[in-house]
Amino acid sequence: MKLRKNRYGVVGNPVSHSLSPDIHSEFAKQTKRALTYEKILCDADEFNSTLNLFFNSGGEGLNITVPYKGLAAEWVDSLAGHAQKTRVVNTVVKRENGFEGYNTDGIGLMRDLKNKGVRLKGERVLVLGAGGAATGIIPQIANESPELLRIANRTLEKAKILSSSMSSLFPEKDISALAIGQLHETFDVVINATSAGIDGKRLPIAQEVVKTAFCYDLFYSQNRSTLTPFCSWATKSGAEGISDGLGMLVEQAAEAFYLWTGDRPSGAEALKRLETKLS
Ligand code: ATR
């Protein structure tokens, strides 16, 4: 008898570069589960029908990547955790009474920072960017009780809107916005959540800003011997430490896998294998 494999996948555009199938197949091995995990490319106007078709034909759970994390929040029947406020969804979980949207990016980032010995409690934290990626991680960062949290964006207005919605979510925290070009203070942790690196663009930031900081780039380089543009700039600027977002990718996937299956795989083990495969 042929074993029925549970179907999972990731929906995005573009999606061909996604490492999620490798990561989830590693988790499946670890937890001895039979599953398939596919990359699903669609246009924005096909997003709803793509999800309907996937689940109507037996799909069990989906990850959602750029640029559809906002559309996913509209598609689900309910939102869980911080996704209720941010409306940025990267994981869809099938429940008995409908589909529930989660965001596991923030948890993934926190776990990866912890794995690297970086704590945010009592620290001065700067997030660069005010788009979907920044919105998805900021509630988790605020939860860690940093001394202060600054959101800097090229378009100041967007940073202000995000900062004020996060301040109303966390009224007791010191959260404020500024324009990237206005940055002069120093920070302990700087997180790049802009998409500038995708087209190799450099952010207009003074080197002093990252001199005493651990710099984390949400983006990652598939070529492990090449730094992302942000990590490369941070290194040249004298940052105390750097990391790209491969570990976060693995840890957000581990949380999604747990939500879907109830099994908690080892992110650290999967990351080791992925690093070896990519190098
Ligand atoms: P994502 O879902 O990846 O966050 P997004 O919502 O389009 O994508 O947001 C992209 C972020 O990267 C924004 O904060 C954007 O700044 P603006 O709000 O000013 O557009 C930022 N960004 C993109 N390219 C940039 C560049 N070359 N320099 C500075 N910031 C940039």
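Atoms within a ligand are numbered from 1 in the order they appear, just like the ligands themselves. Note that the structure is a prediction, hence the values are computed from the model and not measured. No hydrogens, no waters, no symmetry mates; every other heavy atom, side chains included, goes into these values. This chain uses plain numbering: 1 for the first residue, then up along the sequence.
By the side-chain hydrogen bond (donor to acceptor under 3.5 Å, both in side chains) test, Gln207 pairs with Ser237, sequence neighbours left out.
Short contacts between ligand 1 and Leu203, defined as distances under 4.0 Å to a heavy atom of the residue, involve ligand atoms 28 (N), 29 (C), 30 (N). Annotation for ligand 1: atoms under 4.0 Å from non-hydrogen atoms of Gly129 are 14 (O). Atoms of ligand 1 found under 4.0 Å from any heavy atom of Ala133, numbered from 1 in the order shown, are 1 (P), 2 (O), 4 (O).
Remark: ligand 1 and Lys158 share an N or O pair separated by less than 3.5 Å (distance only, no angle test). Polar contact with ligand 1: absent for Val66 (N/O pair, distance under 3.5 Å).
With respect to atom 27 (N) of ligand 1, the closest heavy atom belonging to the protein is Arg154 NH1, 3.5 Å. Protein heavy atom in closest approach to atom 9 (O) of ligand 1: Gly131 CA, 3.5 Å. In terms of protein heavy-atom proximity, atom 23 (C) of ligand 1 is nearest to Ser195 OG, 3.3 Å.
Taking a distance limit of 4.0 Å, we find that atom 7 (O) of ligand 1 is approached by no protein heavy atom.
Ser20 and Asn63 share no side-chain donor-acceptor pair at under 3.5 Å. If you check the side chains of Thr194 and Asn192, you find a donor sitting under 3.5 Å from an acceptor.
Side-chain contacts under 4.5 Å among hydrophobic residues (ILVMFWY), followed directly or transitively, place Phe187 together with Leu126, Leu128, Leu148, Leu178, Ile180, Leu183, Val190, Leu203, Ile205, Val209, Val210, Phe230, Trp233.
Looking at Thr155 against ligand 1, both its backbone and its side chain come within 4.0 Å, counting heavy atoms.
Nearest residue to atom 13 (C) of ligand 1 from Thr65, Thr194, Asn153 is Asn153 (criterion: closest heavy atom).
With a 4.5 Å cut-off on side-chain heavy atoms, Glu251 and Thr104 do not count as touching. Inter-residue side-chain proximity for Leu113 and Glu144 is flagged as unmet; no heavy-atom pair is nearer than 4.5 Å.
Using the six-membered ring where Trp is involved, Tyr8 and Trp260 have ring planes that are parallel, under 30° apart on the 30 and 60° scheme.
A salt bridge is defined here as a Lys NZ or Arg NE, NH1 or NH2 lying under 4.0 Å from an Asp or Glu carboxylate O, and Lys94 with Glu100 fails to meet this definition.
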